[in-house]
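Input: a single structure, listed below in structure tokens.
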Amino acid sequence: MSSQYAAAVDQGLAREASWRHRRMAVRLLVMAGFAIVLWLSASRIHLSLMNIILGVPNMADFFGRMVPPDFSNLMSLAPPTIETVQIAAWGTVIAVVASAPLALLAAHNTSPHPVIYFVTRLFLNLLRSINELIYALLLVSAVGLGPFPGVLAIALHATGMLAKFVAEEIEHVNRGPVEALQAAGAGRMQIILFGIMPQVLPAVVGYILYRFDVSIRSATVLGLVGAGGLGFALITSMKMFKYHETATCILVIILLIWAADAISSHLQKKIL
Amino acid sequence: MNMNVSTTGQVIGVTSAEKPPIVSLVNVSKTYVRGKLVALTDVSFDVGHGEFVVILGPSGAGKSTMLRCINRLAEPTGGQIFLRGNEITNAPRSLRKARQEIGMVFQQFNLVTRLSVMMNVLSGRLSYRSTWRSLFYSFTREDRAIALECLEMVALGHKAFQRADTLSGGEQQRVAIARALAQKPKLILADEPVASLDPKIARQVLDYLKDVSQRLGISVICNLHQIDFAREYAERVIGLSQGKLIFDGPPGALTDDILNQIYGSRMESAVE
């Protein structure tokens, strides 16, 4: 290329090459740094391939006690399964009802006062950070064993997650229609109902379905600390050394979660 | 003869019909950033009943700002604005009532795209309905009749139950006009209503706007940057340049000299 720009092009290419090399060097350094940190922590947490290999006979033994799964009282697992689904359903429903006002308070454009906004966000972060299992442990000691603490545990955590999600969606709505309703003399609540809610509804419904799916998974685990459902059946069978029944529980849990996943993603696709 | 006097002693609106003008601006100014950015300087004019006024000026001249000051989507930093003789500049309580009487049409249409055309037009009736009723998205029979009538006025009655985002740009703007009409306003503010539309559709929309203004006796203040449209549709043109009102008269009096003053070096942007 023998144009008037040849010199400038060559200069530019040289500069670009040096930038590229510099970026590459930085990336390699950072990755090396990460690798060193991971290597150092591996021994701290006792990562050991040797232990896995040594433990294979134990795993085989355990597995042997579970196989073949005992299908004789499969029907007796029906009530716990239904209970698990009910725990998830009620936990999600309570979360939806509680999140609605909280989300409005936690969004810049709908919160009545910055202090309220700040406090609500803080509260929601608190709800989100505590895992359902911890809630369940605390609640079981408060209200006793059974599905009720499970429902509350799921509701508390899901409220935090759902409210934050909806608040983010509210903050990202197109302001044009909102302004048009303001200009038409609509009141605050009317603007929220007609201008904001229709815009966030599809994403929010999709997220609720997703949350329901997650709640079913959580509900199965919560039973391990006494909060009802399939998890409770599982831990009970283990404590009584009836490992064949444990295996059946695990299979039913897998089936339940698989079904919930399928239905949830199917519905989510239909919404969007 | 009826003379209304503003607080600065300036006479606003001398009418022999014993009716104050629909809207009066008296020395309206708007600055941003503590006075460093000047958007409007001492703008004063009256608009009478049923008048079709076009505000002409290049982008950045302050046309939008001025329009938004009238229904207080923006707050003037100086001067006063009177709606039918009543000052609205510093009156928070009567804001909703004032906005009820002022319809607005936006450049980006600002419809709620996921709602039906009918719902969008009905939302123009929200200022007449209580919050409680709106919670159920409910309107009166009268509201529905008015909404359908307004849709017929812009020839879109047959699309009443389609989703708003299934309509073309020109149709959406006509729905926006219908929404403004549903408020039964005395004044319609149109902020660059046809800037996003091609010339043929733009003329259609302006035809509808002019038509309803004449038929229903609604005053219209329409921001335009296209000189041709101003000449075709305006009964009266107000020229704005860099926040100052520099022309107020019939479109016939728009000489090249005056247009140069308004547009300066940006004439090309005004001729389509």
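In what follows, chains carry the letters A, B, and so on, assigned in the order in which the sequence lines appear, proteins first and then strands, with residues in each chain numbered from 1.
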More than 12 heavy atoms from other groups under 6.0 Å of [atom1] on [X]:
| X | atom1 | value |
| --- | --- | --- |
| A:Y117 | OH | yes |
| B:Y128 | OH | yes |
| A:Y210 | OH | no |

For [X] against [Y], the heavy-atom pair lying closest together:
| X | Y | value |
| --- | --- | --- |
| B:S130 | A:Q190 | O-NE2, 3.8 Å |
| B:R96 | A:A186 | NE-C, 4.0 Å |
| A:G185 | B:S127 | O-CB, 3.4 Å |
| B:V112 | A:P177 | CG2-CB, 3.9 Å |

Which region of A:L193, side chain (C-beta onward) or backbone (N, CA, C, O), has a non-hydrogen atom less than 4.5 Å from a non-hydrogen atom of chain B, or is it both or neither? both
Over 60° means perpendicular and under 30° means parallel, so tell me whether B:F139 and A:F194 are parallel, tilted or perpendicular. perpendicular
Using non-hydrogen atoms only, which part of [X] is less than 4.5 Å away from chain A: side chain, backbone, both, or neither?
| X | value |
| --- | --- |
| B:Y137 | both |
| B:L111 | backbone |
| B:I102 | backbone |
| B:L135 | both |

Heavy-atom pairs under 4.5 Å with chain A - which of [options] has more of them than the others?
| options | value |
| --- | --- |
| B:L115, B:N71, B:L122 | B:L115 |
| B:K97, B:R125, B:R129 | B:R129 |
| B:Q108, B:M104, B:M119, B:R99 | B:R99 |
| B:L189, B:L126, B:L73 | B:L126 |

Between CE of A:M189 and OG1 of B:T131, what distance do you get to the nearest 0.5 Å? 8.5 Å
Rounding to 0.5 Å, atoms OG1 (B:T113) and CD (A:Q199) come to a distance of 6.5 Å
Heavy-atom side-chain contact between B:R68 and A:E179 under 4.5 Å: yes
